[in-house]
Each structure stands twice: as C-alpha cells, then as structure tokens.
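These notes are about the structure you will find just below.
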Amino acid sequence: MSTHSPGTDPRAPFGARLRHAMDTRGPLCVGIDPHPSLLADWGLDDDVEGLRNFTHTVVDALADRVAVLKPQSAFFERFGSAGVAVLEAAVARAREAGALVLMDAKRGDIGSTMAAYADAYLRADAPLHADAVTLSPFLGFGSLRPALDAARESGSGVFVLALTSNPEGADVQRARGADGRTVAQAVLDRLAAENEGAEPLGSFGAVVGATLAEADADLGINGPLLAPGIGAQGATAGDLRRVFGSAAGNVLPSVSRGVLRHGPDPEALRKAARIEAEQLAEAIG
Ligand SMILES: O=C(O)c1cc(=O)[nH]c(=O)n1[C@@H]1O[C@H](COP(=O)(O)O)[C@@H](O)[C@H]1O
C-alpha cells in the first residue's frame, strides 16, 4: 500500500479510477461501520459527537492511502439528520484526500423511485454523491436502470448484490429461474452486459462474499467484485483464490471490523490497513 494519490482524470469512469487506485494503493476497501460496540471500545459515547469523532479518525488516518472507503449508511442514519450530516462531511473529506468512496446503502426500488435514489447518490452535484453505491436487485435487475444510467452519466459506479457473504443469502441467490440459471448468475450476466467493451475495467460491479465455500458462478463480468466477509465474518485473504479463481484480479476485498478494531490510534489503524492490503495483494496478485 502506498500513499500515492489515485491520480487518474477525476472525470474518468469509476471502473478506470478504481483499477488505478487498486493498482497504486493496493486492493483494499475499508468499511466505516461505527457499531455502538466499537464506539465503546474506542472510549466514545454512542451519540453524534462519538460518531463524528470515530468517522473523522478513520477518514483522516486512511483516506490518503487506501483505495476505497465504504461508509455503511445505516450507522449514520440511526442518528437522523445529524448523523447524515456526519456522513455527508465524511464522504467529501475522504474524496478530497484521494480515496474513492463507496456508499453502502443497498438501495433498490421500483424504477420511478429508483430514479430518486440515483439522484441522491449518483448525481454529480448531489450532497451525498459518492464514487459508487451498493444496490439490491430484489425488485428485478431492470428496476435498477435509472441508477445504472445515472452512474454512466456521472462517471460513478454501482455494486449489485449477487452472492452475499451471509449464510441466508443462498435461499434467494442460488434459486434457479426458468432458464436454469441461478438468480445470482442472472445478475452477474446483466452486469457483464453493462460492462461490455469497457477498459481497463467496467464500472458495474457485483458483491460476492469472500465467505462462500465456492462461487459456483461465472464471475467474468469485466467489472469489480466487492468481496466482504474478511476478518470478523471469518474469511481470510487465503480464501480469495479458491472463491474467485481467475477473476481474482478484479476483486476488491472489503474489511470493516477487522481494521476498525485496531483504533482509535491512527497509527495502529494505518498499520492494520497496510498489513491487510499487503496480504490481500499477495493473495490475489
Ligand atoms: O454490500 C456490502 O458491503 C456487504 C455485502 C455482503 O454480502 N456482506 C457484507 O458484510 N457487506 C457489508 O460489509 C461490511 C462487513 O463488515 P465486517 O464484517 O465488519 O468486515 C458490512 O458493512 C456489511 O453490510
């Protein structure tokens, strides 16, 4: 992991900016998940001031060196508008310091209201504009169209849930449609179509948990594969090759508690992130 800035044209599509960030800073996304238990471990109160202190500490320690920071929106929303204001400031501060920001909001809705979510996160001048956002395809992949179009227009990205890291995900995601494909494969195929011809990497990513026993799916979507589950959920860097096979080079491993538990000392956070990034780069390199 280096402190090198992503340095590509800020107007380049998300996939190109992410490729550059992963190549120069190392393939690591650190999740900003201010759990009440982590706030307590850091000696902070479970209130807006504690949330702000926690979030700024993580951003100031890591935004100039990790490829991606991923704030989990719910932990901010639980404090209402004051918490969302902390999130908004953190997104701006992290992007200013050179990190790409993936807003973990897991949105999905009928097309007409999906357009409003797209406005909230993907429109270039939106207060909560991030480099990318997580989306849920449960209302049908086609319902995400307004977000896909908005991302293309603003040079942002999306990560659509395909094979999630939680054990309950398989009920829905491994179910087979009339054509024999699993739901997850149908999502992956639609993402591959969105990324067709994109170089060096498409902007339409999938979420595929590092905790899976095996992917058992074609992950060749020419887009990034967000891999949560490393650390607190039990997966390790060593699992990535087995799960992702030849697609490992496009994997963006994501760690939240596994890094955050080393705070609040900024130097300890930086060290934890550096070790993770080095191990992950070696595992998928
Ligand atoms: O979209 C995600 O980020 C996500 C998808 C998934 O399948 N599993 C998963 O754990 N996540 C998120 O990744 C983070 C995992 O946190 P840790 O288990 O603490 O590393 C949480 O913010 C989850 O919401």
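Indexing begins at 1, ligand by ligand and atom by atom, following the structure's order. As the structure is a computational prediction, the values presented were derived from the model and not from experiment.
Close contacts between ligand 1 and T164 involve ligand atoms 7 (O) [criterion: under 4.0 Å to a heavy atom]. Near Q72, the atoms of ligand 1 lying under 4.0 angstrom from a non-hydrogen atom of the residue are 22 (O), 24 (O).
L212 and V251 fall within the same hydrophobic cluster, defined by Ile, Leu, Val, Met, Phe, Trp and Tyr side-chain heavy atoms under 4.5 Å apart, directly or through other members.
The residues E194 and R145 are annotated as salt-bridged, a charged nitrogen and a carboxylate oxygen being separated by less than 4.0 angstrom. D239 has a carboxylate O that lies under 4.0 Å from a charged side-chain N of R242, or vice versa, which qualifies the two as a salt bridge. Under a 4.0 Å N-O distance rule, the pair R25/D64 does not qualify as a salt bridge. A salt bridge is defined here as a Lys NZ or Arg NE, NH1 or NH2 lying under 4.0 Å from an Asp or Glu carboxylate O, and E96 with R93 fails to meet this definition. Salt bridge E153/R123: absent, no basic N to carboxylate O contact under 4.0 Å. In this structure, D131 pairs ionically with R17, as a charged nitrogen and a carboxylate oxygen lie closer than 4.0 Å.
Formation of a donor-acceptor pair under 3.5 Å by the N222 side chain with backbone atoms of A198 is found in this model.
Of the protein's heavy atoms, Q233 NE2, 2.8 Å lies nearest to atom 10 (O) of ligand 1. Among protein heavy atoms, atom 20 (O) of ligand 1 sits closest to S256 N, 2.9 Å. Nearest to atom 8 (N) of ligand 1 among the protein's heavy atoms is S165 OG, 2.7 Å. Scanning the protein for heavy atoms near atom 2 (C) of ligand 1, the closest one is K106 NZ, 3.4 Å.
Remark: ligand 1 and K70 share an N or O pair separated by less than 3.5 Å (distance only, no angle test). The distance criterion of under 3.5 Å between nitrogen or oxygen atoms is not met by N166 with respect to ligand 1.
In P228, the part holding a heavy atom less than 4.0 Å from any atom of ligand 1 is the side chain. Contacts with ligand 1 closer than 4.0 Å are made by heavy atoms of both the backbone and the side chain of R257. In V207, the part holding a heavy atom less than 4.0 Å from any atom of ligand 1 is the side chain.
The ring pair (Phe, Tyr, Trp, His ring centres under 6.0 Å) contacts involving residues 85-138 comprise nothing, where partners must be two or more places apart or lie in separate chains.
With distances taken over non-hydrogen atoms, the option nearest atom 22 (O) of ligand 1 out of D33, L161, I32 is D33.
For H35, the heavy-atom gap to ligand 1 stays at 4.0 angstrom or more.
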